[in-house]
Amino acid sequence: MPSHLHWTLLLSSLLGGASAAGLYTKSSPVLQVDAKDYHSLIAKSNHTSIVEFYAPWCGHCQNLKPAYEKAAKSLEGLANVAAVNCDDDDNKPFCGQMGVQGFPTLKIVVPGKKPGKPRVEDYQGQRSAKAIVDAVVDRIPNHVKRVTDKDYESWVLEDDESPKAILFTEKGTTSGLLRSLAIDFLGGIKFAQVRSKESETVDKFGITSFPTLVLLPSGNDAEPIVFEGEMKKAPMLEFLSQAAQPNPDPRKNKAVSSQKKKTASSPTKKFQDAPTESPGPEVEVSPEEKPVAVPIKVPSVDQLSTPEDLQAICLTSKSGTCILTLLPETESPDSELPAPAKEALSAVSELSHKLTGHHLPFYSVPAINSHSKILRNELGLSEATEIIAVNGRRGWWRQFPSASSSDDKTEFSLHSVESWVDAIRLGEGSKTKLPDGVVLVSDEKNEEKEAEAEIEVETPVEETGENGDTKEVPHDEL
Ligand SMILES: *[C@@H]1O[C@H](CO)[C@@H](O)[C@H](O)[C@H]1NC(C)=O
């Protein structure tokens with residue numbers, strides 16, 4: 001184990017006393033988790049969680065507290081915001097096994113395909129409420145099917161019996177709120193999102209305003225019920241509960257049972273114990289305390305595989321900056337990508353991981369996405385791997401200057417891509433105007449109205465980051 005953790009543990013023992021009391025009070029929106037209930041509350045949750053590993057005496061942890069509590073309030077109902085007191089003797093081996101090497105350490109726990117086997121990522125973004133909220137919302141799993149006129153029938157018929165909820169919206173993306181509701185009702189209600197332009201389906205339900213939530217209570221014959229309340233988590237959950245019970249919230253039991261048990265041990269005893277109790281993979285833990293193995297994070301970037309996604313996410317008059325890696329055509333869909341493409345993907349994956357929380361989305365666009373060809377033509381790009389930045393709202397784009405063929409140095413090295421992205425984040429360098437027609441002009445009024453109604457989490461949260469604020473370029477400014 002790293003010597004500095006050793007020292008912090010030793011120091012905390014010397015200081016003594018404070019370790020029994022955590023940083024967060026019972027009434028805090030931050031859920032206090034320990035080695036014993038981490039598995040049931042976090043690892044097994046169908047919801048995404050962020051977990052802070054901290055020590056109460058650590059200054060950076062105390063500084064983070066207001067922002068972290070603010071993030072917890074914004075994320076209420078959308079994701080779990082939890083904290084583990086690593087100064088508590090009972091938690092020390094667990095913190096060590098989670099690879100905690102300094103305080104505070106923030107990890108985002110994303111539910112995997114199998115219950116209890118989540119993906120755990122280090123959060124390395126800014127320590128501000130907004131950055132934390134954005135990073136967590138980005139990682140809320142999406143169980144909402146985007147349904148079009150073409151596949152509406154098959155979606156409905158797929159499962160005749162199940163209650164269904166449909167959100168009619170003008171948006172192409174699925175809000176964190178809707179995704180979190182779908183998770184609450186996993187196994188109970190099937191969720192879909194239908195865009196306003198799917199006129200057949202819209203007309204079928206007689207929808208005239210957006211967003212509108214409709215519930216098909218049981219099977220497909222029952223009369224649809226239109227939700228008339230506020231587009232907020234609690235009323236929506238209550239409305240949908242008439243068709244199926246939401247999955248039980250494991251935190252409900254927690255509130256009563258485990259907050260009180262705390263061990264009090266004397267500083268002297270802890271001082272003596274500290275060196276031998278040092279957490280680390282070699283430490284034996286009893287089976288029920290054994291934390292889940294932490295999978296190693298494989299960096300990756302999200303793919304925009306359909307023309308609709310590419311357009312809706314990065315090429316509308318409301319889209320902020322997107323970093324797109326356009327992939328070249330391969331002989332067959334599953335043959336390997338050429339080396340420069342792999343190199344570009346590895347560089348952007350690494351960067352997107354590094355910039356987690358900075359709200360600068362990175363996407364790859366495979367050649368089978370027909371819109372990528374159109375985009376290449378419009379922008380005069382080659383058919384090879386290209387990395388570009390586009391900003392639909394401001395109407396500009398930029399191309400990563402990959403080395404020419406005469407140049408045998410690495411084309412897409414992490415270093416060169418990173419400096420290029422940094423320059424964009426800092427607003428340096430020249431931008432090229434996007435040709436007309438590339439960007440889809442969306443209806444401002446409706447989009448804004450919906451954004452307000454649907455995304456509670458975007459209630460403004462101040463930047464309270466203690467450092468690095470100067471480097472941050474807000475998404476909107478790009
Ligand atoms: C997670 O979702 C499954 C359905 O896919 C459900 O059976 C289970 O109870 C949920 N777990 C929790 C902890 O809510």
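Counting convention: from 1, in listed order, for ligands and their atoms alike.
With His371 as reference, Leu315 is the one residue of Leu315, Thr306, Val365 to meet the side-chain contact (heavy atoms from CB on, under 4.5 Å) rule.
Ser175 contributes atom OG, which lies 5.0 Å from atom CG of Leu177 (distance to the nearest 0.5 angstrom).
Within a 6.0 Å sphere centred on CD of Glu238, heavy atoms belonging to other residues, nucleotides or ligands number 12 at most.
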Would you mind listing each N/O atom of ligand 1 next to any protein N/O under 3.5 Å, plus the distance?
from, atom 1, to, atom 2, distance (Å)
ligand 1, 2 (O), Asn46, ND2, 2.4
ligand 1, 11 (N), Asn46, ND2, 2.9
ligand 1, 14 (O), Asn46, ND2, 3.4

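Evaluation of the side chain to side chain contact (heavy atoms under 4.5 Å, CB included) rule for Ala82 yields Leu31, Val33, Ile42, Val51 as partners, not counting sequence neighbours.
Ring centers of Tyr68 and Tyr54: at least 6.0 Å apart, outside the cut-off.
Between Lys204 and Glu153, at least one side-chain nitrogen of the basic residue sits less than 4.0 Å from a carboxylate oxygen of the acidic one, meeting the salt-bridge criterion.
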